[in-house]
Amino acid sequence: MSSGWSWWIIGLIVFNLGLTFFLFLWAPRARVPVLPDGTTGHVWAHGVLREGMHRLPAWWIVMSLSMYVAAFGYFVLYPGFGDRAGALGWSSGKELAAATTSNDAKLDPVLTRLAAMDVEAVARDGQAQRIGERLFVDNCAACHGRTGAGNPLLGAPDLTDGEWLHGGGGPDITMSIRDGRTGVMPPWSALGDATVKDLAQYVLSLSGRPHDSPSAAAGGQVFKSTCSACHGPEGKGNPQLGAPDLTDAVWLYGGTKAAIETSIRNGRTGRMPAWRPRLSDDEVHVLAGYVHHLSHRDDTTSR
Ligand code: HEC
Ligand code: HEC
């Protein structure tokens, strides 16, 4: 705080305490003219209410005085009187630092214990699940949803279904979280609208959904030459490229005909941010275990 502001605040405090002190001295001596009927003569609400005169109750005076005295004690002990630190040296920053240190002291041994285990074992550990859930809700839920069920509007995949874009082994999940992932599906509008529609029919047929057979057959020809490089000849996807399996019932962007046509026509770019800059390796490890747990819920050792 600059010294100008500090003096301004000190001035305000001194003025207010001084004014209050003056009121304490003046009020008992103040003479208010009272009419013979015991009122001041002030009339309110068209004569319905008249203002009377009564002494302040003793308990009220005692309470106000003690609060007044306590204010001095507060300014001596705690920060508040301009930029003075206060005799106790308390500050909210120090309190936070102390809480953080004591929390870290509790958490560090747990994170160290978990760091020595592989992701699959962390996934089964009850204590890791609780820490992981916290980290997940704080950092991941905005896109993947609180339960990890994903969000087709963002292309954030469901993490609970056991289907993986980039692989579901411990090291794959760790890498997805630590380094981030980008899935690039190029746009194919240049193929023409009729071909895009044929391709969408073929994609629908891959997961056994209702489709127009002749159109799907035509789309299948184009798929072999154009799409199979990434999605595989049978449309089963490729985790090296993050190209999704198109034969399952799992959809990044929702499985409606319109969503599929949009994916093909305009392309899609799903971005999973890298967490290395924000989370420690130990935290990423616990999160990887938690994400693994989301699709293996029955496997838990209690702790
Ligand atoms: C800004 C939105 C966003 C946030 C926040 C986010 N993710 Fe993601 N995540 C995505 C998207 C989008 C993808 C899909 C990337 C792609 O299309 O290849 C993804 C993919 C993943 C994958 C790979 C899934 C697979 O099928 O291979 C994992 C694992 C994952 N996220 C975990 C997390 C965790 C853990 C966090 C929190 C630390 C997190 N994500 C936070 C958007 C997000
Ligand atoms: C360069 C590799 C590549 C090629 C070629 C490619 N795709 Fe993709 N495709 C992807 C990737 C990667 C994604 C996931 C995008 C994301 O993560 O946001 C994807 C997503 C999709 C989706 C959305 C799936 C969902 O779950 O919502 C559809 C549909 C699709 N592709 C169909 C096709 C068709 C049809 C073709 C051929 C015309 C094709 N792709 C060609 C890489 C490719």
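Atoms within each ligand, like the ligands themselves, are counted from 1 in listed order. Note that these values count all heavy atoms, side chains included, but never hydrogens, waters or copies made by symmetry.
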Which atoms of ligand 1 have any heavy atom of [X] under 4.0 Å away?
| X | result |
| --- | --- |
| Leu287 | 38 (C) |
| Arg271 | 10 (C), 11 (C), 12 (C), 42 (C) |
| Gly183 | 16 (C), 18 (O) |
| Cys140 | 34 (C), 35 (C), 36 (C), 37 (C), 38 (C), 39 (C), 41 (C) |
| His166 | 16 (C), 18 (O), 25 (C), 27 (O) |

Considering only non-hydrogen protein atoms, determine which one is nearest to [atom] and report residue, atom name and distance to 0.1 Å.
| atom | value |
| --- | --- |
| atom 22 (C) of ligand 2 | Ser263 CB, 4.0 Å |
| atom 2 (C) of ligand 1 | Cys143 SG, 1.9 Å |
| atom 34 (C) of ligand 2 | Cys227 SG, 3.5 Å |
| atom 42 (C) of ligand 2 | Val184 O, 3.5 Å |
| atom 28 (C) of ligand 2 | Leu246 CD2, 3.9 Å |
| atom 26 (O) of ligand 1 | Leu165 N, 2.7 Å |
| atom 32 (C) of ligand 2 | Met185 CE, 3.6 Å |
| atom 5 (C) of ligand 2 | Cys230 SG, 3.4 Å |
| atom 23 (C) of ligand 1 | Ser176 OG, 3.7 Å |
| atom 14 (C) of ligand 2 | Pro244 CD, 3.4 Å |
| atom 18 (O) of ligand 2 | Tyr253 OH, 2.4 Å |

Would you call Glu133 and Arg146 a salt bridge, taking side-chain N to carboxylate O under 4.0 Å as the test?
-> yes
Arg268 to Tyr253, cation-pi by 6.0 Å centre distance and 45° axis angle = yes
With a 4.0 Å heavy-atom cut-off (strictly under), which part of Trp188 contacts ligand 2: side chain, backbone, both or neither?
->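 Looking at Trp188 and ligand 2, just side chain atoms fall under 4.0 Å.
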Per-residue contact class, Pro186 against ligand 2 - non-hydrogen pairs under 4.0 Å = side chain
Kindly indicate whether the side chain of [X], heavy atoms from C-beta on, has any atom under 4.5 Å from the side chain of [Y].
| X | Y | answer |
| --- | --- | --- |
| Tyr202 | Cys227 | no |
| Asp179 | Arg276 | yes |
| Asp248 | Asp161 | no |
| Pro79 | Trp90 | yes |
| Ser64 | Trp60 | yes |
| Met272 | His144 | yes |
| Leu159 | Phe136 | yes |

Relative to ligand 1, is Trp164 under 4.0 angstrom through side chain, backbone, both or neither, heavy atoms considered?
-> both
Which part of Leu159 is near ligand 1, with near meaning a heavy atom under 4.0 Å away: side chain, backbone, both or neither?
-> side chain
With atom 8 (Fe) of ligand 1 at the apex, how many degrees lie between SD of Met272 and NE2 of His144, rounded to 10 degrees?
->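 About 180°, to the nearest ten degrees.
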Give the single entry among Ala141, Gly150, Ala142, Gly270 that approaches atom 16 (C) of ligand 1 most closely by any heavy atom.
-> Gly270
Closest non-hydrogen atom pair between Asp83 and Ser6, with its separation |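 Shortest heavy-atom separation between Asp83 and Ser6 comes out as N-OG, 3.0 Å.
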Name the orientation class of the two ring planes belonging to Phe223 and His231 (parallel below 30°, tilted from 30 to 60°, perpendicular beyond 60°).
->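 Because their plane-to-plane angle lies in the 30° to 60° range, the rings of Phe223 and His231 count as tilted.
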Gly242 near ligand 2, heavy-atom distance under 4.0 Å?
->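 The answer is yes: ligand 2 sits under 4.0 Å from a heavy atom of Gly242.
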Any N/O pair Leu252/ligand 2 closer than 3.5 Å =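 In this structure, Leu252 places an N or O atom under 3.5 Å from an N or O of ligand 2.
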Within the structure, does His231 bring an N/O atom to less than 3.5 angstrom of an N/O atom in ligand 2?
-> yes
Can you find a side-chain donor-acceptor pair between Asp158 and Thr160 that sits under 3.5 Å?
->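 Yes, Thr160 and Asp158 have a side-chain donor paired with an acceptor closer than 3.5 Å.
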